[in-house]
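Notes follow once the structure below has been shown.
Numbering of residues begins at 1 and proceeds along the displayed sequence.
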Amino acid sequence: MSVSNKKRAAYPFYWYTFLFALMVLVIYGYFFVAQKSFIWERDGFSQHYLIFKEYLEIVRDFLQQPSLGFKLWDWNIGLGADTIHSYGYYVVGDPFVYLGLLFPASQTELAFHVLILLRLYAIGAVFLIFCRKIGIAMPGALVGSLIYTFTYYVILNATRHPFFLLPMVLFPLFCLGMERILQRQSNTLFIIAVFLGAFSNFYFFYMLTVLVFIYALVRYFYIYGKKDITKIVGFIWTAAYSYIIGVLLSGILFFPVVGGFLQSSREASSKFAQGLLVYPIEYYIALIRNLFIPGSYLWSTMGFSAFVILLLPCLFLHKKRYGFIKIMLLIFGVMLLLPAFGSVMNGFSGPYNRWTFVLPFFLAWGSAQLYNYRFQLSKRDLSAMAGSLIFFSLITGASVWVTGYRFAYVAPVFFAWLMWGVFYIGHIKQQNRTLGTIDKKGLSFLLTALVMGNLAYNAMDYYYPWGQNTVSSLLDYGTVDKLYTETFEGAEKLIQPQKAEEIYRIGVTSQDREVKNQLVLLDRMGLSSYLSITNGEVANFARKLESGQFQLIQPIRNGVDDRSIINHLLNVQAIVTEEKNEKYLPYGYQVTEKKSGKERSFIVAETTLAYPFAYAEDVYLPESTFEKMNPVEKEAFLSYGIVLDEKQAQTEGLSLFDKETEAKKLTIDIFSEDENKLTIENQTIKVYDTSGKLMIKLKDKNEMEQSAIYAYLEGLHFEPVKSQGWKRDPINYTAVMKMGKQRKSIYQSDLLSFSAYMPRDKMLFHLGYQSEAAASDTISLQFDREGSYTVSDINVLALPLNQDYQERVRQKQEQALEITAFTNQKVSGTIEQEKASILTTTIPYASGWQAEVNGKAIETLRVNEGFVGIPLEAGKSKVVLTYQTPLLKAGIAASSLGVLLLAANQIIHRKKRNDH
């Protein structure tokens, strides 16, 4: 390519860079002035920035000391988790993340922001390349790039979920790669696109695969028609083997991440499309209302450029020019209407339309073409555009009439009318033959300015205080790292383990709801994690014990409702919480330290009853028997022995548990405090006023002495009061139990709550430990939503925690594994016991853990419904546990094969090109 041709090729990118910088300045300039970051106070703080920061640190450590290996397991992620499984969804395959290594560790927050803007820039730059390759000329391609880059999906996720921007970079590459295959050109770009998609994020790669398949099928018939259908076989073969090569190339990451997903808590999600045949009516109203203003419903993210109002009629008037785009948009429009499609695109889970990132691509494509025909519009075109404008003006008027006036609602049609005016003036001047070069440049400049103004206004309305004010939910720039270190105001540093080398975990109370992933950066072992991919075995453990705080992406959280035996079992030696939460400390934890901060005071409470990290146990109970117990009996049993799958484990030499646990049901009376507000009859509680209380009175409060008290609701089902309007009645509610100083709540999420919906037909409330006869003999139950609550059974249970329990703990502590090495991928130690036993650990069960006992490989067992166990013979044993990410070696082999196939593919294509 000559120098002049290179300059001509770069010319659009000069203009795009200038206009992009101008848009960023206008939209995000306020962030700089107000010192606001792009870090959302919720997931941005708890997940995105935290994981970005931690992962960069992991990579830096590996690069500095490669001999130590890459950290494949991290004890600070919840109870301990695979690093690739946990972070693969967020950062591991994102190529932009690795650019963060160019920044010093002290500038990680700056790197996070720069890379978000770089992603935004890449979105438009890739679209510009796509336009150039398929023959869309510069002015339209440039405007289309801006429309694609600053659509609401991008504006939303720039501050909510930055890694959601990557599919918008990749989809044009997928389409361009497929175009080259359909044009019988090289398949290399498609292979690279597939590799990047599979490597970067398996979740969006699934969507990209479905979307590019639809694209290819429609595009083939659009280009070649139905005359010689047999030709499609060759294209399918080329696309298929190219796709396979791309997936194989990504195998080093794709295989382990997908394997982790299939073993995660996500696998047990709700039923297909949440059982919906159609969406609620407000969804369809939102689709229309949010077309051109920032807004989304069930992740159907619209907020398109007002230029699209003028494009829509042209899609039907000019079949040759816009026919393919029209077909694609019609297909996607149908997909938006039915929950089944949303569920399929969401991996057969809830009906959420995260795939709508694809819509701006086709709308920007059509807009780019329309812009290039801005001075060739007919009177018919202008009339159709005016009709579209009138229609959407009426829709806007109706919306304003219902919801009240905001300029943001009328802004799209206002901008669209001005754009139409520019088209009209150009048309009139063209008809009168007075449209000169200066006029064209002036009108083009005005039209581009209106497009940019509309996009900028939409973004500012979403962010700025005078609009939706989402900037108020963002952290101040420069404060995030300090917030992590101040999670406990440094109180965690005051913990004094009984032995310097002791392995222990830190817990929190049920009231510490904001403690999620912070222990990762504090470099402390804990319980809680808040991640999209979580070990399914940990989730299974939490489900079996019916933890009221359980969520699919947070299975162990909030101190497991302050349940004593579970905290002890999980090796929680210390609990750190705010001083005001002292009354929620589980049995056995005593305050040892206090740390006062500027606004909050924290306490450290420690116990001598924590189970060892690993210990020998010879008493067992089959899973089938354990399953029949209620959750309090299950918790009680875990102080006696372990749970085993008899089909997996050899039980010879072990003792079958044949006693009764001490957990008992208490005698109670149930009545309404005020029947005008709440009634109970025939297992149905009717709530007329949310201040109404169901009272549970214990007949003998002495039964609670030296016991942990639980209230247990079974057979729960809620029917809300039917509203008179057209809106769907949500089914979310919170149940609150109070007893003495204890107040516990459990939340039932709504059917359409993304990531959180799980029907709770049972609820278990831990109401604290009673050292003496209870001061209060009454428990109150409230529901925060009016309606009918079916409850098949209500029980109060007591779990004695006394000297007998303490003695059982002491026995476990005496049988502890003496740990001699403890690293991220290796645990080793020695133990000696008189009889055959199971080494019981609190390592979440994963197939990647391999065990050796006295130099001999031993197959690990799953014990206690989710943890690693190792069978031991009587006598002294030297135990070594090592971890290797499952499917990592297979992934490396797949990537190696992919490289060979790619090389062979290149040789074959080069030979074909030379032959021609």
Check your understanding: Which residues satisfy the ring pair (Phe, Tyr, Trp, His ring centres under 6.0 Å) test with Phe31, sequence neighbours excluded?
Key ->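 Residues passing ring pair (Phe, Tyr, Trp, His ring centres under 6.0 Å) with Phe31: Tyr28, Phe38, Tyr463.
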Which residues pass the side chain to side chain donor-acceptor pair (under 3.5 Å) test with [X], not counting sequence neighbours?
X: Ser723; result: Asp729
X: Asp761; result: none
X: Thr396; result: none
X: Tyr371; result: Thr448

Which atom names give the shortest non-hydrogen contact between [X] and [Y], and what distance separates them?
X: Gly140; Y: Ala368; value: O-CB, 3.1 Å
X: Asn458; Y: Pro294; value: O-CG, 3.3 Å
X: Asp94; Y: Tyr90; value: CB-O, 4.4 Å
X: Thr159; Y: Trp40; value: O-CB, 3.3 Å
X: Gly333; Y: Leu337; value: O-CG, 3.3 Å
X: Trp417; Y: Ala386; value: CH2-O, 4.2 Å

**Study point:** Residue of the set Tyr30, Phe407, Tyr457 for which ring-ring contact (aromatic ring centres under 6.0 Å, His included) holds with Trp466
**Key:**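 In the set Tyr30, Phe407, Tyr457, the residue that makes a ring-ring contact (aromatic ring centres under 6.0 Å, His included) with Trp466 is Tyr457.
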Point-to-point distance, once rounded to the nearest 0.5 Å, from [atom1] of [X] to [atom2] of [Y]:
X: Gln468; Y: Met460; atom1: CD; atom2: CE; value: 13.5 Å
X: Ile285; Y: Asn290; atom1: CD1; atom2: CG; value: 11.0 Å
X: Leu455; Y: Ile27; atom1: CG; atom2: CD1; value: 7.5 Å

Check your understanding: So is Arg760 actually on top of Phe718's ring, under 6.0 Å and inside 45° of the axis?
Key ->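 Not satisfied by the 6.0 Å and 45° rule.
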Review point. Would Arg354 count as a cation-pi partner of Tyr352, with NZ or CZ less than 6.0 Å from the six-membered ring centre and within 45° of the ring normal?
Key: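 No cation-pi geometry.
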Exercise for review: Might you work through the side-chain hydrogen bond (donor to acceptor under 3.5 Å, both in side chains) test for Asn732 and Tyr747, ending with a clear yes or no?
Suggested key: CA-CA 7 Å; Asn732 61 304; Tyr747 179 65; 3.3 Å; yes
Using 30° and 60° as the class limits, which term best fits the ring planes of [X] and [Y]: parallel, tilted or perpendicular?
X: Trp355; Y: Phe332; result: tilted
X: His427; Y: Tyr424; result: tilted
X: Phe174; Y: Phe205; result: tilted
X: Tyr206; Y: Phe348; result: tilted
X: Phe171; Y: Tyr215; result: perpendicular
X: His161; Y: Trp299; result: tilted
X: His318; Y: Tyr322; result: perpendicular

Check your understanding: Are the ring centres of Phe150 and Phe20 closer than 6.0 Å?
Key ->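 Yes; Phe20 has its ring centre under 6.0 Å from that of Phe150.
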Point to revise | Pair Phe415 + Phe292: ring centers closer than 6.0 Å | key: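 No - the distance between ring centres of Phe415 and Phe292 does not fall below the 6.0 Å cut-off.
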Please check if the number of heavy atoms outside [X] that lie under 6.0 Å from its [atom1] is greater than 12.
X: Glu282; atom1: CD; result: yes
X: Lys686; atom1: NZ; result: no
X: Tyr405; atom1: OH; result: yes

**Study point:** salt bridge (charged side-chain N to carboxylate O under 4.0 Å, His left out) evaluation trace for Asp750 with Arg728
**Key:** CA-CA 11 Å; Asp750 186 55; Arg728 181 184 71 90; 2.4 Å; yes
Review point. Asn353 and Tyr297: side-chain hydrogen bond (donor to acceptor under 3.5 Å, both in side chains), yes or no, with the steps?
Key: CA-CA 9 Å; Asn353 295 308; Tyr297 192 114; over 6 Å; no
Check your understanding: Distance only, no hydrogens: is a donor on one side chain within 3.5 Å (strictly under) of an acceptor on the other, for Ser444 and Arg374?
Key ->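 Ser444 vs Arg374: donor-acceptor pair found between side chains.
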**Study point:** Distance-only donor-acceptor check, side chains Thr356 and Tyr153, under 3.5 Å
**Key:**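 No pair is found: no donor N or O on one side chain lies under 3.5 Å from an acceptor on the other.
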Check your understanding: Can you list every salt bridge (Lys or Arg N to Asp or Glu O under 4.0 Å) pair that touches residues 378-394, not counting sequence neighbours?
Key ->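 Applying salt bridge (Lys or Arg N to Asp or Glu O under 4.0 Å) to every pair that reaches into residues 378-394, excluding sequence neighbours, yields nothing.
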